[in-house]
Visitor: 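Below is the structure I would like to discuss, written out as structure tokens.
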Number of protein chains: 2
Amino acid sequence: MALRHAVLAALLDGELSGYQLAKAFDVGVANFWHALPQQLYAELARLEKEGLVAGRRVVQETRPAKRLFHVTDAGLAELERFAAAASKPSFVRDDLLVKVQAADHVDAGPLIRQVEERAAVAEAKIDLFRRILRKMRGDLGEEEFLRAGRRVGPYLTCLRGLAFEEGNRDWCLRTAAILRDRNAAVAGAGTPAVPGEGTAPAYRRPEVARAER
Amino acid sequence: MALRHAVLAALLDGELSGYQLAKAFDVGVANFWHALPQQLYAELARLEKEGLVAGRRVVQETRPAKRLFHVTDAGLAELERFAAAASKPSFVRDDLLVKVQAADHVDAGPLIRQVEERAAVAEAKIDLFRRILRKMRGDLGEEEFLRAGRRVGPYLTCLRGLAFEEGNRDWCLRTAAILRDRNAAVAGAGTPAVPGEGTAPAYRRPEVARAER
DNA sequence: CTCCCATAGTCAAGGATATGACTATTCAAC
DNA sequence: GTTGAATAGTCATATCCTTGACTATGGGAG
């Protein structure tokens with residue numbers, strides 16, 4: 001039930017429309033939470049009904065009208081309550097890690113490609129985050145901004161996003177190199193397609209007949 | 001729909017009972033996926049019905065009987081298919097980051113405590129991961145193990161977990177220090193409880209009367 | 001002149017996850 | 001001698017999240 005609080009936190013920086021929120025919570029920039037547009041519009045409706053945010057309609061000339069939302073005092077109080085409550089630990093849930101976990105038992109080719117692609121994605125995010133951070137701190141140096149700047153929350157979460165993506169990139173590059181080496185070694189030793197099968201799996205499945213292959 | 005593949009990947013290292021799986025997917029060790037026991041038992045039942053895993057009953061003397069599951073050839077094929085398909089990017093979803101995003105608008109005290117507690121949790125996980133890695137590579141050095149070891153998938157995902165927790169710890173410690181400094185600075189300047197309110201929020205809420213406070 | 005993209009927002013359906021409780025046995029501590 | 005932790009597993013409910021649509025307008029590319 002933290003999506004609502006993520007929305008409240010995002011609206012602290014100023015009024016946003018649902019559409020703008022959706023972009024902020026989209027892949028690429030969502031440093032502290034991720035959500036799809038449908039969720040956000042639904043959550044905004046709930047938050048408004050409960051009086052935690054309020055919206056005002058803004059008519060535009062060249063674009064469809066939009067509704068800009070801001071956090072009410074009740075919303076701020078709710079955020080305060082949330083921030084003081086215990087946080088549950090966060091979990092890893094990543095398709096790619098599941099695949100790497102199985103790396104010794106599946107075809108290495110597609111996996112290596114995916115890991116390398118992820119490294120490129122991480123690199124792009126790193127660039128983006130660096131630009132965002134520069135923009136947020138303006139003329140000030142990082143240390144100075146963090147000491148005296150008036151709004152450091154988003155800066156700090158962006159720093160976490162940056163460090164995460166740097167870790168991601170480094171790990172992906174190393175993992176890809178390792179899998180490539182192993183794949184080449186096994187291929188050189190004569191086993192053609194599936195390297196894991198060449199290097200004796202740690203666990204021989206019992207009672208299941210290993211047909212063909 | 002990746003939980004099933006995470007279960008398959010976990011069972012590659014040998015037979016496991018639902019209970020053992022649950023421990024592996026619990027907080028603390030789940031390097032590549034996290035899930036609750038209920039989910040795992042349900043998923044195991046589905047996987048068995050579809051013939052992707054098979055279980056055998058093992059009666060024990062001092063403990064209740066258990067069912068040990070292993071991946072079938074069909075399961076391995078399914079995992080192969082999954083590994084070759086495109087992975088969707090993974091997302092950040094962390095209560096604590098939401099709170100830090102709102103750091104300038106909420107009471108800093110409880111937040112700082114939580115960030116420091118998270119740093120301690122990360123430190124404990126780092127120790128745990130280092131022990132697990134040492135155990136997995138045995139006598140070999142890391143480079144050597146990754147070149148020649150016969151099962152590196154779990155080692156690689158554990159390395160990612162280690163790097164993640166190191167990043168977590170470093171960020172938490174730095175963030176806590178920054179928030180402490182800022183809190184002390186504002187308290188010294190005369191504002192008592194809520195420091196964010198002392199430093200002029202970037203956005204003045206319109207049309208909403210700012211009662212008392 | 002048409003097609004696609006960006007803006008702005010909504011609906012329905014179903015799968016995935018979380019919360020909380022519950023059974024049953026054994027060992028070890030108090 | 002009863003309570004508590006660990007083993008082993010299950011059920012029900014509720015909420016969350018994802019998938020895949022769909023409406024509508026305006027601007028720019030080709």
Side-chain angles (χ1 to χ4, degrees), chain A residues 1-7 15-30 33-50 53 55-69 82 85-95 98, chain B residues 1-7 15-30 33-50 53 55-69 82 85-95 98:
Chain A
M1 208 162 168
L3 171 59
R4 61 191 310 107
H5 302 108
V7 170
E15 291 179 308
L16 290 174
S17 66
Y19 190 79
Q20 288 172 300
L21 259 186
K23 274 194 301 182
F25 278 79
D26 191 16
V27 255
V29 202
W33 201 265
H34 166 263
L36 297 167
Q38 294 94 320
Q39 270 178 281
L40 294 169
Y41 284 113
E43 195 60 53
L44 278 173
R46 269 193 295 274
L47 285 168
E48 192 179 23
K49 208 178 64 191
E50 294 171 36
V53 305
R56 63 189 180 93
R57 188 181 172 78
V58 174
V59 185
Q60 300 173 105
E61 288 180 19
T62 81
R63 295 279 159 209
K66 61 183 171 184
R67 299 195 64 211
L68 294 180
F69 293 92
F82 170 72
S87 2
K88 32 189 171 179
S90 67
F91 304 127
V92 177
R93 243 171 215 165
D94 191 336
D95 272 21
V98 174
Chain B
M1 207 158 164
L3 171 59
R4 61 191 310 106
H5 303 107
V7 170
E15 290 180 307
L16 290 175
S17 67
Y19 190 77
Q20 289 173 301
L21 259 186
K23 275 194 300 182
F25 278 78
D26 190 15
V27 257
V29 202
W33 201 266
H34 167 262
L36 298 166
Q38 296 92 321
Q39 271 176 281
L40 294 168
Y41 284 113
E43 195 61 52
L44 278 173
R46 268 194 296 273
L47 284 168
E48 191 179 23
K49 208 177 65 190
E50 294 172 36
V53 305
R56 62 188 181 93
R57 188 181 172 77
V58 174
V59 185
Q60 300 172 107
E61 287 179 21
T62 81
R63 295 279 158 208
K66 61 184 171 184
R67 300 195 64 211
L68 293 181
F69 293 91
F82 170 71
S87 5
K88 31 188 172 181
S90 67
F91 304 127
V92 178
R93 245 170 213 166
D94 192 336
D95 272 20
V98 173

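Naming convention: chains lettered A, B, ... in sequence-line order (proteins, then strands); numbering from 1 in each chain. Keep in mind the model is a prediction, meaning the values are calculated, not measured.
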Visitor: Give one of base, sugar-phosphate or nothing for B/A65, where a contact means two heavy atoms less than 4.0 Å apart.
Guide: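 Result for B/A65 = sugar-phosphate.
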Visitor: Between C1' on C/dG9 and CG on A/L16, what's the gap in Å once rounded to a whole number?
Guide: 15 Å
Visitor: Tell me whether the OP1 or OP2 atom of D/dG9 has a side-chain N or O from B/Y41 closer than 4.0 Å.
Guide: yes
Visitor: Using whole Å, report how far NZ of A/K66 lies from P of C/dA6.
Guide: 17 Å
Visitor: Side chain of B/E50, backbone of B/L47: donor and acceptor closer than 3.5 Å?
Guide: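 No: the side chain of B/E50 does not pair with the backbone of B/L47.
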Visitor: Do B/R56 and B/E15 have side chains that approach each other closer than 4.5 Å (heavy atoms only, starting at C-beta)?
Guide: yes
Visitor: Is there a donor-acceptor pair under 3.5 Å between the side chain of A/R93 and the backbone N or O of B/H34?
Guide: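 It does hold such a pair.
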Visitor: In whole Å, I'd like the distance from the CD atom of A/Q20 to the C1' atom of C/dG9.
Guide: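 From A/Q20 CD to C/dG9 C1': 13 Å.
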Visitor: Would you mind reading off the distance between A/D95 atom CG and C/dA16 atom P, rounded to a whole angstrom?
Guide: 12 Å
Visitor: Under 3.5 Å, side chain of A/Y19 to main-chain N/O of A/P37, donor-acceptor pair present?
Guide: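 Side chain of A/Y19 to backbone of A/P37, a donor-acceptor pair under 3.5 Å: no, none is there.
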Visitor: So which atom in A/S90 and which in B/D94 form the shortest heavy-atom distance, rounded to 0.1 Å?
Guide: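 Smallest interatomic distance, heavy atoms only, reads OG-OD2, 3.2 Å.
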Visitor: Indicate whether OP1 or OP2 belonging to D/dA6 is found under 4.0 Å from a side-chain N or O atom of B/K23.
Guide: no
Visitor: Between A/L68 and A/L16, is any pair of side-chain heavy atoms under 4.5 Å apart?
Guide: no
Visitor: Hey, is A/R67 close enough to A/E48 for a salt bridge, meaning N to O under 4.0 Å?
Guide: yes
Visitor: Send over the distance from B/F25 CZ to C/dA16 C1', rounded to a whole Å.
Guide: 15 Å
Visitor: Side chain to side chain contact (heavy atoms under 4.5 Å, CB included) with A/A2: which residues, sequence neighbours excluded?
Guide: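 Residues passing side chain to side chain contact (heavy atoms under 4.5 Å, CB included) with A/A2: A/W33, A/F82, B/D95.
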Visitor: Using a 4.0 Å heavy-atom cut-off, write out nucleotides 13-28 of chain D from 5' to 3' as B (base contacted by protein), S (sugar-phosphate only) or - (no contact).
Guide: ---SSBBB-----S--
Visitor: Rounded to whole angstrom units, what separation is found between the CG atom of B/D26 and the P atom of D/dA5?
Guide: 16 Å
Visitor: Can you see which heavy atom on A/L40 is nearest to which on A/A22, and at what distance?
Guide: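 For A/L40 and A/A22, the tightest heavy-atom pair comes out as CD1-CA, 3.4 Å.
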Visitor: Using five pairs at each end of the helix from C/dC1-D/dG30 to C/dC30-D/dG1 to define an axis, what is the angle between those two axes, to 10°?
Guide: 30°
Visitor: Round to the nearest Å and state the distance from B/R67 atom CZ to D/dG9 atom P.
Guide: 8 Å
Visitor: Think A/Y19 has a side-chain N or O under 4.0 angstrom from the OP1 or OP2 of C/dT7?
Guide: yes
